[in-house]
Amino acid sequence: QVQLVESGGGLVQTGDSLRLSCAASGRTFSTYKLGWFRQAPGKEREFVAAITWGGGITWYADFVEGRFTISRDNARNRVYLQMNSLKPEDTAVYYCAAAMGRSEYVYWGQGTQVTVSS
C-alpha cells in the first residue's frame, strides 16, 4: 500500500505563505501522480494541483491563478505545495493523494488544516 502523511498546515494571515509537505512511502512511485486536494466544512473536496512523479508534469485548478506551486523531491519521497498570497477562502483541510497513471486517486493522507484569517 501507499502511505501518505501531510504536514505544514497552520494559522496564517491574508497574504501570507505556507508550504505543505506530503511524505510518501510503501511503493515505487515512478508511474504515479501525486495530487493536492482541499475540503472546507460543508463543501465538497476539490482538486488543487497534481504532479507526475517521474516527469514532473503539473496541473492546477483554475482558482490557483499562479499563487500555488506543486513540486516533488523524488530522493526524499516528498511532494510539496507552496502556497503564496493566501486568502481566507483558501481555508480548508488539505489532503495529499496518489494515483497510478491516469487512474483515479485511491490513496489519501489524513489531511492538514490551513486557516487563513482576515
Side-chain angles (χ1 to χ4, degrees):
Q1 301 291 337
V2 173
Q3 294 84 43
L4 304 170
V5 180
E6 304 95 332
S7 62
L11 174 62
V12 298
Q13 298 183 101
T14 298
D16 283 352
S17 297
L18 278 175
R19 189 179 74 157
L20 306 183
S21 178
C22 175
S25 63
R27 291 191 182 185
T28 300
F29 301 108
S30 61
T31 63
Y32 278 69
K33 60 184 178 184
L34 280 298
W36 285 99
F37 295 75
R38 69 185 188 184
Q39 186 170 25
K43 296 183 178 180
E44 295 292 321
R45 180 177 292 172
E46 63 180 345
F47 171 79
V48 178
I51 187 168
T52 61
W53 196 256
I57 301 169
T58 59
W59 300 265
Y60 295 95
D62 288 342
F63 67 78
V64 168
E65 298 179 333
R67 298 181 299 124
F68 300 172
T69 302
I70 188 171
S71 62
R72 85 273 194 257
D73 185 337
N74 291 358
R76 293 200 281 261
N77 284 347
R78 293 180 184 271
V79 61
Y80 305 97
L81 184 68
Q82 177 67 45
M83 304 188 294
N84 301 322
S85 302
L86 284 164
K87 307 173 181 179
E89 51 262 45
D90 294 319
T91 296
V93 177
Y94 284 71
Y95 298 90
C96 181
M100 173 72 78
R102 297 181 180 180
S103 300
E104 66 184 69
Y105 291 90
V106 295
Y107 302 105
W108 297 84
Q110 296 281 347
T112 185
Q113 176 71 48
V114 172
T115 303
V116 185
S117 66
S118 59

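Just so you know, these numbers use all the heavy atoms, side chains as well, and skip hydrogens, waters and symmetry mates.
- Annotation for G54 and R72: closest pair O-NH2, 3.3 Å, computed over non-hydrogen atoms.
- Linking Ile, Leu, Val, Met, Phe, Trp and Tyr whenever their side-chain heavy atoms come within less than 4.5 Å leaves F47 and Y32 in two separate clusters.
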**Request:** Take W59 and T52 through the test side chain to side chain contact (heavy atoms under 4.5 Å, CB included) and record every step on the way to the result.
**Result:** CA-CA 9 Å; W59 300 265; T52 61; 3.4 Å; yes

**Request:** Take L18 and D16 through the side chain to side chain contact (heavy atoms under 4.5 Å, CB included) test and state the conclusion after the steps.
**Result:** CA-CA 7 Å; L18 278 175; D16 283 352; over 6 Å; no

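- Within the structure, the salt bridge (Lys or Arg N to Asp or Glu O under 4.0 Å) test picks out the following pairs touching residues 75-87 (sequence neighbours left out): D73-R76.
- Cluster membership check: I51 shares its hydrophobic cluster with F68, using side-chain heavy-atom separations under 4.5 Å among Ile, Leu, Val, Met, Phe, Trp and Tyr.
- Under the side-chain hydrogen bond (donor to acceptor under 3.5 Å, both in side chains) criterion, Q39 pairs with no residue at all, not counting sequence neighbours.
- The two residues P88 and S118 make their nearest non-hydrogen contact at CG-CB, 4.1 Å.
- L20 and Y94 get closest at one heavy-atom pair: CD1-CB, 3.5 Å.
- Closest heavy-atom contact between L34 and A98: CD1-CB, 3.6 Å.
- With a 6.0 Å radius and a threshold of 12 heavy atoms from other residues, nucleotides or ligands, E89 has its CD atom above the threshold.
- In this structure F63 satisfies the ring pair (Phe, Tyr, Trp, His ring centres under 6.0 Å) test with no other residue, sequence neighbours excluded.
- Cluster annotation: Y95 and L81 are assigned to distinct hydrophobic clusters (Ile/Leu/Val/Met/Phe/Trp/Tyr, side-chain heavy-atom contacts under 4.5 Å, transitive).
- Under a cutoff of 6.0 Å and an axis angle of 45°, R45 and F37 do not form a cation-pi pair.
- Between Q82 and S17, the shortest heavy-atom distance links the atoms NE2-CB, 3.9 Å.
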**Request:** Step by step, work out the side chain to side chain contact (heavy atoms under 4.5 Å, CB included) result for Q113 and T91.
**Result:** CA-CA 8 Å; Q113 176 71 48; T91 296; 4.0 Å; yes

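- Looking at every heavy atom in both residues, A24 comes nearest to L4 through CB-CD2, 3.6 Å.
- Looking at Y80, its side chain never comes within 3.5 Å of a backbone N or O of T69 through a donor-acceptor pair.
- Applying the salt bridge (Lys or Arg N to Asp or Glu O under 4.0 Å) rule to pairs touching residues 55-68 yields R67-D90, sequence neighbours excluded.
- The 12-atom threshold is exceeded at CD of E46, counting heavy atoms of other residues, nucleotides or ligands nearer than 6.0 Å.
- A side-chain donor-acceptor contact under 3.5 Å links N74 to the backbone of W53.
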**Request:** Could you walk me through whether W36 and V79 pass side chain to side chain contact (heavy atoms under 4.5 Å, CB included), step by step?
**Result:** CA-CA 9 Å; W36 285 99; V79 61; 4.0 Å; yes

When the side chains of residues 100-111 are checked against the rest of the protein, which donor-acceptor pairs come out under 3.5 Å, sequence neighbours left out?
from: S103; atom 1: OG; to: M100; atom 2: O; distance (Å): 3.2
from: Y107; atom 1: OH; to: R27; atom 2: NH1; distance (Å): 3.4
from: Y107; atom 1: OH; to: R27; atom 2: NH2; distance (Å): 2.9
from: W108; atom 1: NE1; to: Y105; atom 2: O; distance (Å): 3.4

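- Residue pairs satisfying the disulfide (SG to SG under 2.5 Å) criterion with at least one member in residues 61-118, sequence neighbours excluded, are listed as follows: C22-C96.
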